Amino acid sequence: MPSPDRRAPRSGPRVLAVWCPDWPAVAAAAGAGLPAEQPVAVLHANRVVACSAAAREAGVRRGMRKREAQGRCPELFLAQQDPDRDARLFEPVAAAVDTLASGVEVLRPGLLALSARGVIRYFGSAEAATRRLLAALATAGVEARIGIADELPTAIIAARHGTIVAPGQDAPFLAPLPIGELAAEPGPAEPERAALLDLLHRLGLRRIGDFADLTPAQVTSRFGADAVLAHRRARALPERPPAPGRPAPDLEVRLPCDPPIDRVDAAAFAGRLLATRLTAALSAAALACTRLEIRAETETGEHLSRVWRCAEPLTADGVADRVRWQLDGWLTRPHADRPTGPIIVLHLVPVEVVTAAALQLGLWGDTGSGDERALRALVRVQGLLGGDAVRVGVLSGGRGPAERVTMVAFGDEPAPDTDPAPPWPGRIPEPAPAVIMLNRPPVTLESADGAPVRITARGRFSGPPARLRWGRSSWRLTAWAGPWLLDELWWSPGAAPTARAQVELPGPHSLLLLAQDDQWCVEGLYE
């Protein structure tokens, strides 16, 4: 069977992509005030998700566990993944490009794109435009690479190589590259794409050109939906260009800010409210947003604007995240570039929309309308009672059940007080209690002869537990487990042993008990 023609026709203006390598690690180093030569790794779920060039030279790689990375590079600086930090510190980079070119669209922190036509015409050639942009970014203290191609995915891959692809040569440029290059953004969920590329490599399709030689029918019949998208990119077929379109009519949402906004927390709350309104308007029109423009007007007459481009339709949480990132970036710029007045008006404009058919349906065929109504209700409660009135739990690190929950304001970044990944010796065994008793009501634990059961200096029961008294009620125990001694505050003079135990009451109902200062209390209920 003859190979399909890989020559893709030009679909419109050429695309320029600006890529900042290892941006999460760069942002983490900048946020901590570290020098550029310091090895840095960014962690998520106790694994490295990004690292600096200095860390890679020492042997650190993505996917490594924290301890292995530290073993290879003892001087490694570790930071937790923080999308807010990455977006806030990337705003000056986008602003530096915006001073020389128009139509800048942020795909994610560390990657942006724009139409190459205007900047090439202004500076005379693609090479001259690339030099001027790189010089502006270097002045801003950022290392970057630029790629130019006919299509956006090809331009992103070209940026990773610092290459200007000749017009009409996207497919020949991609053909000899390793198949792993198709993992470049924008794209679907990383695990799904990584599994596809691993499968293609094991099937012997080691180059992008090998994959592009397959016919669309072969790809469709043998692989999933993500493979079809990857195949189109391998063949350099046209996709959406980064050129601003006309906003969808009657979908723009506007919020006058009274009082004016000059703090990041107030800006984030306003952004959540606007995101809810925009999502409701789009849902009513059976549409979803894939390119969002965020506008702001200040008290001194300044007009700020930034476009965020997404590979997939934005959810309400996605809109709220991008609004929060952008407002955080504007309000925390260096003083010379920061707005001179507080924000008085916020706008959200869906620059590009798709039909609701592009959205993932719920398990039972709906689009999650119940969840959306619940989210809107929570936002309304926050509007009435304040941003801290609604809180959600985030898994945190600790030994006791209360310590393992960090309560954060609804809509804020779900950042725990302590990292849940490291080992926590003395943590209660699974399963965790269904209800945590914050007031810890006191109870009495007795042996069969009615004597109080306490924790001895050796961390044992003074007698086998047989009965539990809670106020005026009492129950005979059907089972018990423990005690588990907590070796905490042992250096304090006169500190009594602290321990936890589990007891089962008739029913069955189970309790998690905590012994402190010779007094038992209920810490959690099991269901």
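Computed over heavy atoms, backbone and side chain alike; hydrogens, waters and symmetry mates excluded. In this text the structure is predicted, and so the values were computed from the model without any measurement.
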Chemist: What are the two closest non-hydrogen atoms of L112 and A94, and how far apart are they?
Modeler: CD2-CA, 3.9 Å
Chemist: Side-chain contact test, heavy atoms from C-beta onward, threshold under 4.5 Å: evaluate it for D22 versus V40 and give yes or no.
Modeler: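 No, their side chains stay 4.5 Å or more apart.
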Chemist: Say you draw a straight line from CD of E523 to CE of M437; how long is it, rounded to the nearest 0.5 Å?
Modeler: 11.0 Å
Chemist: Which pair of non-hydrogen atoms, one from A28 and one from F77, has the smallest distance, and what is that distance?
Modeler: O-CE2, 4.4 Å
Chemist: Under the side-chain contact (heavy atoms from CB on, under 4.5 Å) criterion, do R277 and L255 qualify, and how do the steps go?
Modeler: CA-CA 10 Å; R277 293 182 182 177; L255 177 68; 3.7 Å; yes
Chemist: Keeping the roles fixed (side chain from W520, backbone from V453), state whether a donor-acceptor pair exists under 3.5 Å.
Modeler: yes
Chemist: Is the shortest side-chain N to carboxylate O distance from R254 to E252 below 4.0 Å?
Modeler: no
Chemist: Keeping the roles fixed (side chain from R72, backbone from G59), state whether a donor-acceptor pair exists under 3.5 Å.
Modeler: yes
Chemist: Got a donor-acceptor contact below 3.5 angstrom from the Q38 side chain to the E75 backbone?
Modeler: yes
Chemist: Using every non-hydrogen atom in the two residues, find where I294 and V323 come nearest and quote the distance to one decimal.
Modeler: CD1-CA, 3.8 Å
Chemist: Return the CG to OG distance between L468 and S474, rounded to the nearest 0.5 Å.
Modeler: 8.5 Å
Chemist: Hey, are S447 and D449 close enough side-chain-wise for a donor-acceptor pair under 3.5 Å?
Modeler: yes
Chemist: Is the shortest side-chain heavy-atom distance between T456 and S462 below 4.5 Å?
Modeler: yes
Chemist: Would you check if W325 and F90 make a side-chain contact, meaning some heavy-atom pair closer than 4.5 Å?
Modeler: no
Chemist: Please assess L438 against I436 for the test side-chain contact (heavy atoms from CB on, under 4.5 Å), listing each intermediate value before the final yes or no.
Modeler: CA-CA 6 Å; L438 296 180; I436 299 175; 4.1 Å; yes
Chemist: Looking at D86, L111, V42, which one forms a side chain to side chain contact (heavy atoms under 4.5 Å, CB included) with W23?
Modeler: D86
Chemist: Would you say the side chain of C20 lies within less than 4.5 Å of the side chain of V26, judging by non-hydrogen atoms?
Modeler: no
Chemist: Any non-hydrogen side-chain atom of L199 less than 4.5 Å from a side-chain atom of F223?
Modeler: yes
Chemist: Where is the tightest heavy-atom contact between A87 and W308, given as atom of each residue plus distance?
Modeler: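 Scanning both residues, the minimum pair turns out to be CB-CH2, 4.4 Å.
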Chemist: As an exercise, state the distance from CG of L445 to CD of Q519, rounded to the nearest 0.5 Å.
Modeler: 10.5 Å
Chemist: Hey, what do you get for CG (L182) to CG (L197), rounding to the nearest 0.5 Å?
Modeler: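 If we round to the nearest 0.5 Å, L182:CG and L197:CG are 6.0 Å apart.
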Chemist: Roughly how far, to the nearest 0.5 Å, is OG1 of T332 from CG of L89?
Modeler: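 Nearest 0.5 Å value for the CG-OG1 distance: 7.0 Å.
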Chemist: Does any N or O in the side chain of R309 come within less than 3.5 Å of the main-chain N or O of R291, such that one atom is a donor and the other an acceptor?
Modeler: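 Between the backbone of R291 and the side chain of R309 there is no qualifying donor-acceptor contact (under 3.5 Å).
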Chemist: Would you check if I156 and L107 make a side-chain contact, meaning some heavy-atom pair closer than 4.5 Å?
Modeler: yes
Chemist: Between the side chain of R56 and the main-chain N/O of C51, is any donor-acceptor distance below 3.5 Å?
Modeler: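 It does hold such a pair.
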Chemist: Looking at A55 and L76, what are the two nearest heavy atoms and their distance?
Modeler: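 Of all heavy-atom pairs spanning A55 and L76, the closest is CB-CD1, 3.8 Å.
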Chemist: For A270 and I261, which heavy atoms make the closest approach, and how far apart are they?
Modeler: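 The pair with the smallest heavy-atom distance is CB-CD1, 3.6 Å.
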Chemist: Could you tell me whether R460 atom CZ has more than 12 heavy atoms of other residues or ligands within 6.0 Å of it?
Modeler: no
Chemist: To the closest 0.5 Å, what do you measure between CG (L282) and CG (L314)?
Modeler: 9.5 Å
Chemist: Determine yes or no for a side-chain-to-main-chain donor-acceptor pair under 3.5 angstrom, with R206 supplying the side chain and H201 the backbone.
Modeler: yes
Chemist: Less than 4.5 Å apart, any side-chain heavy atom of I343 and any of L327?
Modeler: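 When only atoms from C-beta onward are counted, L327 and I343 do touch, with a gap below 4.5 Å.
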Chemist: Within the 4.5 Å heavy-atom criterion, are P506 and R476 side-chain neighbours or not?
Modeler: no
Chemist: Could you tell me how the ring of F211 sits relative to the ring of H231: parallel (under 30°), tilted (30 to 60°) or perpendicular (over 60°)?
Modeler: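 Judged by the thresholds at 30° and 60°, the geometry between F211 and H231 is perpendicular.
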Chemist: For the side chain of R62 and the backbone of A50, is there at least one donor-acceptor N/O pair under 3.5 Å apart?
Modeler: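 Checking the backbone N and O of A50 against the side chain of R62, no donor-acceptor pair under 3.5 Å is found.
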Chemist: Check each of V435, V503, V443 against V522 using the side chain to side chain contact (heavy atoms under 4.5 Å, CB included) test, and report the only one that passes.
Modeler: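 The option that passes is V443.
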Chemist: Please test F461 against I455 for side-chain contact (heavy atoms from CB on, under 4.5 Å), starting from the C-alpha separation and ending with a verdict.
Modeler: CA-CA 5 Å; F461 286 131; I455 301 297; 4.0 Å; yes
Chemist: Looking at E181 and R160, is there a salt bridge between them, counting it only when a charged N and a carboxylate O are closer than 4.0 Å?
Modeler: no
Chemist: Any chance you could lay out the side-chain contact (heavy atoms from CB on, under 4.5 Å) test for V48 and L43, step after step, and finish with the verdict?
Modeler: CA-CA 5 Å; V48 177; L43 302 177; 3.7 Å; yes
